[in-house]
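First comes the structure, then the notes that go with it.
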Amino acid sequence: MKRKDFLKKGILGGLGASALVSGCTLSEPKSVESSNLNLNKIHHWKMVTTWPPNFPVVGEIATKMVDWIHTMSGGRLQIDVYGGGELVPALESFDAVSIGAAQMGCGASYYWGGKTKAAQFFTCIPFGMNAQQMASWLIAGGGYELWKEVYEPFNLVPFLGGNTGVQMGGWFNREINDIKDLKGLKMRIPGVGGKVLQKAGGAAVLISGSEIYTSLERGVIDATEWIGPYHDYKMGFHRIAKYYYTPGWHETGSQLEFFANKTALEKLPKDLQCIVETATMRAQSWVLAEFDAKNGFYLDKIKSESDVEIKNFPKDVLLNLNEKTKETIEEMIANDSLSQKVYDHFNAFRKRINPWSKLTEKVFYNSLMK
Ligand code: CA
């Protein structure tokens, strides 16, 4: 299309110009659906979450979302939220929604790597994409269609549910100046990041959230990652660790999720289905905004209330971990064609948008941010 034609079709031919020239162009009213639209029917759903009830940000969003859905639907879709362990154990949420014991869940797809390996790419992989890029891949880059394909065999439909943004690299009681410093390091770090640490000679330890503080304090572990300043401050790590390292190379933008039982979702009238999806997109915005706002505030508190030294991982350490990540992921996706397909798509998208991010976001961060 020539520039002139583009302008004509895109702007002059669009609503703005025609509305100005000839008044509003009203389209014929479209009926949403008539077959199963019963405005008096109230639908009751249960939502199970992988977080403790009202856990800051990620747990709060479940409650907010069901409030929005209640309001938008005029009370026609009512959802009760159950925190992890209230209806089913946190990590059984996926199964509970899959079999229809609950209609909706809230969590992060990398928890379900044991069910289907390909799931983990929809939360994050080390040295993956940041929040903006993940949203771009999922919403506009074809990633969401793949996500639906991965959840389909479980009778589940995924929805976006927020992003933590780039996390912190974690709390350490020894300095990391060289990749060799990771040798023998006992660190609480889950998922693919843990596998990468092990390749570097460290020991990835899996302990539950409630035991991390004591383990670090008593030297059972040498380091731990968690999320970012807001949650980390509440965990109290600044009182017992010497160093707070950045960046969270292992979680560069962890995408969170809602998921619905496909049969239950399809039984809803179309307008309620649209309301559910719309609410998840509002959640997507709120979670990242809340994380950023709170992390900025709590970073300041950590700096002013403790002697913790905030440090960057040396570039060589990050480059080395990046190489080990590539090896780890190649091993992960071998013999699993669906993981290979998702990773190839993820990688191709990342390669395509990185030059754009480097030209704009990176230059902005490097040179303009004070
Ligand atoms: Ca984390």
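Residues take their numbers from the sequence shown, with the count starting at 1. Both ligands and their constituent atoms are indexed starting at 1 by order of listing. Note that the structure is predicted; figures quoted are calculated from it, not measured.
The Ca ion (ligand 1) lies closest to atom OE1 when only the N/O/S atoms of Glu225 are considered. Within Glu251, the N, O or S atom lying nearest to the Ca ion (ligand 1) carries the name OE2.
The shortest distance between side-chain heavy atoms of Ile176 and Tyr243 does not fall below 4.5 Å. In this structure, Met47 and Val66 have side chains that are in contact, with non-hydrogen atoms separated by less than 4.5 Å.
Among the backbone and side-chain atoms of Thr164, no N/O/S atom is found under 3.0 Å from the Ca ion (ligand 1). Among the backbone and side-chain atoms of Trp226, an N/O/S atom is found under 3.0 Å from the Ca ion (ligand 1).
Because its NZ or CZ atom is not both nearer than 6.0 Å to the ring centre of Trp137 and within 45° of the ring axis, Arg350 does not count as a cation-pi partner of that residue.
A side-chain donor-acceptor contact under 3.5 Å links Asp232 to the backbone of Gly228.
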